[in-house]
Number of protein chains: 2
Amino acid sequence: MKSTIPDTGVPITPPAGNGGDRQENRHEASLHGEILLRLRDYVVEGNIPEGARVPERQLCEMLGISRTPLREALKVLAAEGLIELLPNRGARVRQLSQRDLEELFDVMAGLESLAGRLACEAITDEEISAIEQLHYEMYGHYLHRDMHGYFQTNQRIHESIVAAARNETLKTAYSNFAGRIRRVRYSANFARKRQRWAEAMREHEAILDALRRRAGSELSDILFQHLRNKRTAAIEHLTEPQEDAPAAP
Amino acid sequence: MKSTIPDTGVPITPPAGNGGDRQENRHEASLHGEILLRLRDYVVEGNIPEGARVPERQLCEMLGISRTPLREALKVLAAEGLIELLPNRGARVRQLSQRDLEELFDVMAGLESLAGRLACEAITDEEISAIEQLHYEMYGHYLHRDMHGYFQTNQRIHESIVAAARNETLKTAYSNFAGRIRRVRYSANFARKRQRWAEAMREHEAILDALRRRAGSELSDILFQHLRNKRTAAIEHLTEPQEDAPAAP
DNA sequence: GTTGGCTATTTTGCATTCATTTTTTGTCGT
DNA sequence: ACGACAAAAAATGAATGCAAAATAGCCAAC
């Protein structure tokens with residue numbers, strides 16, 4: 001029998017690894033920890049449709065474990081905001097309203113804004129060079145209309161700034177929120193907006209400039225605005241997915 | 001026999017009596033949810049010494065439940081950063097290094113900075129009036145050297161700003177980090193520094209001013225600096241607890 | 001054909017039990 | 001007396017069992 005989600009009928013395939021039998025692993029990490037990592041990735045990757053009900057039993061079979069460690073992992077994922085636990089009704093992948101997304105984007109903007117400010121206090125010339133390198137690389141993707149490469153490099157730039165802030169607590173929080181947003185495939189159509197794309201490139205240049213000058217509060221401002229604009233573009237696309245010129249040149 | 005923490009011998013008294021009355025039915029009627037709320041408060045209040053080992057069995061007896069829901073709550077608290085779970089060695093209250101505190105303060109600064117920026121977009125005149133009211137109240141505490149009242153009102157002001165940001169995600173994250181810091185009684189001696197106290201009052205006036213003018217990025221800057229100064233004062237006190245003039249006039 | 005109510009099955013929540021791992025304790029030898 | 005080693009005790013991690021709640025299934029009534 002195929003495993004399906006009763007509510008939606010969407011089939012769920014197990015995450016990587018052994019599907020059913022208990023190969024004896026060197027228990028380097030605890031089971032619930034392992035499950036947590038796998039489930040988190042699984043959810044973040046978007047393998048489970050939003051709001052879909054996923055019975056514990058099914059997940060247990062899928063992961064080849066009992067319910068106890070699974071439930072522990074689910075509690076953590078709920079605390080992280082990835083799923084929600086309805087009393088006596090099981091776990092559902094958290095459905096993000098447009099308002100939720102706006103809020104998330106703003107918080108991300110605030111965190112990156114903070115990261116930029118802190119980075120200016122501690123960043124080395126080498127790190128700036130590395131970011132410049134990424135910037136040029138991204139510019140190449142932009143010229144070639146390589147959306148995927150662009151987004152990848154763009155993400156690395158922002159992560160570099162966060163890393164340069166030298167604040168593990170910030171980094172963890174950043175990853176957490178980033179994971180919540182990543183579920184939403186908002187960016188799929190973003191690159192079609194050529195105008196916004198060009199704008200983003202200019203903003204990135206301003207970011208680099210402020211970073212070079214170690215202008216903390218200025219960079220903070222620019223980063224916030226940059227993310228704000230990103231938010232606007234992303235949210236628009238949720239309501240009207242098709243727009244502007246086609247992606248291919 | 002009295003229930004004690006083996007490692008330290010410090011007795012642990014149960015959190016608020018569970019004499020059958022229920023008041024916090026917010027979104028958790030389930031047992032693990034209730035346990036989570038109670039344990040979180042219990043830890044945040046500082047009832048368990050840092051790094052102290054607390055056997056599950058003991059907590060279970062204390063709370064009158066079995067280990068399953070307790071362990072679920074512990075996993076969540078660990079995810080929140082309040083405690084840490086050592087594999088096969090149980091849960092310990094997380095010990096914050098000076099670096100951890102610095103990081104936490106900076107993140108708090110970033111979140112409040114963000115809150116101020118967002119608040120400028122949405123705050124009403126009535127809310128500003130309310131904050132002004134709190135400000136005068138706080139000024140009274142300042143004049144009377146009422147440290148406790150001052151801190152209480154100060155906290156309400158900052159919470160009001162966060163509330164005015166109209167961002168539940170931000171508010172939740174803010175509460176989370178605030179809880180982590182609250183465990184540390186850093187503020188106990190802060191008010192003894194008269195100079196810093198006067199400085200903080202001036203900063204608060206600048207905050208109000210920027211808020212009235214809805215000057216978002218300016219307020220963002222001021223708030224960050226304000227929290228940064230707070231951080232400096234707090235951290236200093238961890239290394240040299242006694243300083244400056246006595247509190248009583 | 002649809003709606004309302006009743007029963008059966010599934011699913012969740014928690015307690016209990018089992019298996020390792022860690023910690024304590026007791027003993028022996030030097 | 002002190003330290004090393006071994007056995008006992010206790011603690012943790014995971015699986016299973018059981019009661020309550022929720023879902024679905026079914027039949028009758030309109």
Side-chain angles (χ1 to χ4, degrees), chain A residues 1-9 12 17-18 20-39 48 51-79 83-93, chain B residues 1-9 12 18 22 25 27-39 48 51-79 83-93:
Chain A
M1 168 183 151
K2 198 99 173 278
S3 74
T4 60
I5 301 174
D7 288 4
T8 63
I12 294 185
N18 48 358
D21 51 346
R22 301 264 295 129
Q23 312 269 7
E24 210 23 72
N25 37 15
R26 324 84 172 263
H27 23 286
E28 62 258 355
S30 51
L31 193 44
H32 67 262
E34 174 98 16
I35 293 302
L36 176 60
L37 293 177
R38 278 170 60 182
L39 255 187
I48 305 180
R53 182 173 183 181
V54 183
E56 293 175 2
R57 193 64 145 265
Q58 185 181 333
L59 282 175
C60 288
E61 289 173 14
M62 200 165 100
L63 298 161
I65 58 165
S66 87
R67 283 174 54 215
T68 308
L70 175 80
R71 285 173 57 82
E72 290 173 351
L74 287 179
K75 295 285 183 303
V76 174
L77 290 183
I83 65 176
E84 53 188 351
L85 260 34
L86 294 88
N88 289 323
R89 280 191 199 171
R92 283 164 188 267
V93 174
Chain B
M1 172 177 169
K2 201 100 173 279
S3 75
T4 60
I5 300 174
D7 288 5
T8 64
I12 294 185
N18 60 343
R22 286 277 39 83
N25 292 338
H27 52 86
E28 301 283 7
S30 53
L31 191 46
H32 67 262
E34 176 169 338
I35 293 302
L36 175 61
L37 293 175
R38 279 171 61 183
L39 256 187
I48 304 180
R53 181 173 185 180
V54 183
E56 292 176 1
R57 194 60 153 265
Q58 186 180 333
L59 282 174
C60 288
E61 290 174 11
M62 200 164 100
L63 298 162
I65 56 166
S66 87
R67 283 175 54 215
T68 308
L70 175 80
R71 286 172 58 81
E72 290 173 352
L74 286 178
K75 295 285 184 302
V76 174
L77 290 183
I83 65 176
E84 53 188 353
L85 294 170
L86 295 88
N88 289 321
R89 282 192 190 177
R92 283 164 188 266
V93 174

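Proteins come first, then strands; the chains are lettered A, B, ... in the order of their sequence lines, and each starts at number 1. Below, each value reflects all heavy atoms present in this structure, side chains not excepted, and no hydrogens, waters or symmetry copies. Nothing here was measured: the structure is a model prediction, and the numbers come from that model.
- Atom pair N88(B):CG and dT12(D):C1' shows a separation of 6 Å (rounding to whole Å applied).
- The CD atom of E61(A) sits 15 Å away from the C1' atom of dA15(D) (whole-angstrom rounding).
- Between the P atom of dT12(D) and the CD atom of E56(B) lies a distance of 4 Å, rounded to the nearest Å.
- Taken from OG in S66(B) to CD in E61(B), the straight-line distance is 12.5 Å, to the nearest 0.5 Å.
- The distance from atom NE2 of H32(B) to atom OG1 of T68(B), rounded to the nearest 0.5 Å, is 12.0 Å.
- The distance between atom CG of L85(B) and atom P of dT12(D), rounded to the nearest whole Å, is 10 Å.
- In this entry the distance linking CD of Q58(B) with P of dA9(D) reads 21 Å, nearest Å.
- Consecutive pairing runs in DNA chain D reach the stem threshold at C:1-30 with D:1-30, where a stem means at least three Watson-Crick or G-U wobble pairs with distances under 3.5 Å.
- Note: CZ (R53(A)) to C1' (dA22(D)) measures 8 Å, nearest angstrom.
- With values rounded to the nearest 0.5 angstrom, L63(B) atom CG is found 4.5 Å from I35(B) atom CD1.
- Contact record, R53(A) with P55(A): O-CD, 3.7 Å, taken as the closest heavy-atom pair.
- Following rounding to the nearest Å, R89(B) (CZ) and dT24(C) (C1') show an atom-to-atom distance of 14 Å.
- Atom CZ in R57(A) sits roughly 12 Å away from atom C1' in dA15(D) (whole-Å rounding).
- Residues passing the side chain to side chain contact (heavy atoms under 4.5 Å, CB included) test with A78(B), sequence neighbours excluded: I83(B), L85(B).
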For residues 70-77 of chain B, run the donor-acceptor check on the side chains, cut-off 3.5 Å, and write out each pair with its distance to 0.1 Å, sequence neighbours left out.
residue: R71(B); atom: NE; partner: E72(A); partner atom: OE2; Å: 3.4
residue: R71(B); atom: NH1; partner: E56(B); partner atom: OE2; Å: 2.7
residue: E72(B); atom: OE2; partner: R71(A); partner atom: NE; Å: 3.3

Dump every N/O contact between nucleotides 14-19 of chain C and the protein below 3.5 Å, one line per pair.
residue: dC14(C); atom: OP1; partner: L31(B); partner atom: N; Å: 2.4
residue: dC14(C); atom: OP2; partner: H32(B); partner atom: ND1; Å: 3.0
residue: dA15(C); atom: OP2; partner: S66(B); partner atom: N; Å: 2.9
residue: dA15(C); atom: OP2; partner: S66(B); partner atom: OG; Å: 2.5
residue: dA15(C); atom: O5'; partner: S66(B); partner atom: OG; Å: 3.4
residue: dA15(C); atom: N7; partner: T68(B); partner atom: OG1; Å: 2.8
residue: dT16(C); atom: O4; partner: T68(B); partner atom: OG1; Å: 3.3

